[in-house]
Chemist: 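Here it is: the structure, laid out below.
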Amino acid sequence: MTPQDLEKYRLVIPDDALPRSIRHGDEEASGGFFYIPDFISCDEERYLLEKIEQCPKPKWKVLQNRRLQSWGGQVSSRNVLIPEAMPDWLVHYPPLVHRLAATGCFAKSLHQRPNHCLINEYLPGQGIMPHQDGGAYHATVATISLASHTVLDIYRWADDGEAVDSQHTTRARECDPAFSILQEPRSLLLTTGDAYRMYLHGIAERTREETSHLSRVVNGSSVRDRAIKAKVQAACGPNAGSDLDQYDVLIREKRVSLTFRDVEKVSKGLNALLVKH
Ligand SMILES: O=C(O)CCC(=O)C(=O)O
Ligand SMILES: [Fe+2]
């Protein structure tokens, strides 16, 4: 995929879900959300899951609601990457770093490609609290999903568009998502520019999506799996839920996600000399 192709994957965000400080039409100049189904093949997906599963146990950091691996190095409290080489299975086969750079979404980042990858594993019922990815990274995040679908919920700040007092340290977010994005296995979701900076994102801790959880999905028309697409479109349509089982819409399985970003500040210590670019 080339940078010219990317535009056709842009998600159209409804007017009433835009941050109040962005006028409709402005978002194009400053990034957005792009959903690309089948970014990797079934063989690549299988291979990646195998490699991730084979990693030694200490590579996993176990959190309360998921576990994760970190590749490319550790990000220090000062937002500096202490670099480590990425493994072959993220760089050579499948050539994910190269394939992501070729989309053009990292063209404005310092290294013009991701140098860091977080791998999150979610069992059914697990998720991630709404958050922002913050200032350690260039404002592009590339997320590849493996093994199961999920629904990423996108939230706005409650005070968005109001003058925020600089003394103010805690900001409230809106309770309900402004919209959601359905991510299929093997898909890529890119979040760039203002879309990265202005919204929060999270995954609710549930074992299945019911009709009401799918009703604000914005990418129903670009979902590849026919059964999932039919359910999303039925949930979003004018007769939402009338001919659907309200309580058994989409069952989640174990999902693994790869989150690629560019950490712009990189330590030039001894480790850096050992990392081949
Ligand atoms: O698993 C995902 O899709 C989201 C992960 C995420 O938001 C993060 O690691 O910051
Ligand atoms: Fe995140």
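Numbering of ligands and ligand atoms starts at 1, following listing order. Remember, it's a predicted structure, so these values are computed and weren't measured experimentally.
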Chemist: Under a 4.0 Å N-O cut-off, is there an ion pair linking Arg99 with Glu44?
Modeler: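 Salt bridge between Arg99 and Glu44, a charged N being under 4.0 Å from a carboxylate O: yes.
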Chemist: Less than 4.5 Å apart, any side-chain heavy atom of His138 and any of His111?
Modeler: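 A side-chain contact under 4.5 Å is absent here.
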Chemist: Any idea which atoms of ligand 1 are less than 4.0 Å away from a heavy-atom of Leu118?
Modeler: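 Close to Leu118: 9 (O).
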Chemist: Please find out if less than 6.0 Å separates the ring center of Phe179 from that of Tyr199.
Modeler: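 Yes; Tyr199 has its ring centre under 6.0 Å from that of Phe179.
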Chemist: Would Glu210 and Ser212 count as a side-chain hydrogen bond (donor to acceptor under 3.5 Å, both in side chains) here? Give the steps.
Modeler: CA-CA 6 Å; Glu210 296 173 8; Ser212 60; 4.9 Å; no
Chemist: Run the numbers for me: atoms of ligand 1, each under 4.0 Å from some heavy atom of Thr143, listed by number.
Modeler: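 Once the distances to Thr143 are compared, the set is 3 (O).
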Chemist: Of all the heavy atoms in Arg261, does at least one lie under 4.0 Å from an atom in ligand 1?
Modeler: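 A heavy atom of Arg261 does come that close to ligand 1.
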Chemist: How wide is the angle at the Fe ion (ligand 2) spanned by Asp133 OD1 and His131 NE2, rounded to 10 degrees?
Modeler: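 Vertex at the Fe ion (ligand 2): approximately 90°.
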Chemist: Would you check if Arg261 and Thr140 make a side-chain contact, meaning some heavy-atom pair closer than 4.5 Å?
Modeler: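 No; the side chains remain at least 4.5 Å from each other.
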Chemist: Does the cation-pi check pass for Arg67 over Trp60, that is, NZ or CZ under 6.0 Å from the six-membered ring centre and within 45° of its axis?
Modeler: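 Yes, Arg67 lies over the aromatic ring of Trp60.
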Chemist: Run the contact test for Leu152 against ligand 1 with a 4.0 Å cut-off on heavy atoms, strictly below, and give the result.
Modeler: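 Contact check Leu152 vs ligand 1: negative.
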Chemist: Please list the nearest protein heavy atom to atom 3 (O) of ligand 1 with its residue and the distance rounded to 0.1 Å.
Modeler: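 The closest one turns out to be Arg255 NH2, 2.9 Å.
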Chemist: Between Cys236 and Arg216, is there a side-chain heavy-atom distance shorter than 4.5 Å?
Modeler: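 A side-chain contact is absent here, since even the closest heavy-atom pair is not under 4.5 Å.
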Chemist: Under a 4.0 angstrom heavy-atom cut-off, which atoms of ligand 1 come close to Asn120?
Modeler: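 What qualifies from ligand 1 is 5 (C), 9 (O).
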Chemist: Check whether any N or O atom of His201, backbone or side chain, sits under 3.5 Å from an N or O atom of ligand 1, and answer yes or no.
Modeler: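 N/O-N/O distance under 3.5 Å: yes.
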Chemist: Taking 4.0 Å as the limit for heavy-atom contacts, which would you say applies to Val141 with ligand 1: side chain only, backbone only, both, or neither?
Modeler: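 No part of Val141 comes within reach of ligand 1.
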Chemist: Less than 3.5 Å between some nitrogen or oxygen of His131 and one of ligand 1, yes or no?
Modeler: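 Looking only at distances, the answer is yes, because the N/O contact criterion of under 3.5 Å is met.
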Chemist: Hey, what do you get for NE2 (His98) to CG (Leu100), rounding to the nearest 0.5 Å?
Modeler: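 Spacing of NE2 (His98) from CG (Leu100) equals 10.0 Å.
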Chemist: Taking only heavy atoms of Tyr122, which atoms of ligand 1 are found under 4.0 Å from at least one of them?
Modeler: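 Listed by number with element: 1 (O), 2 (C), 4 (C), 5 (C).
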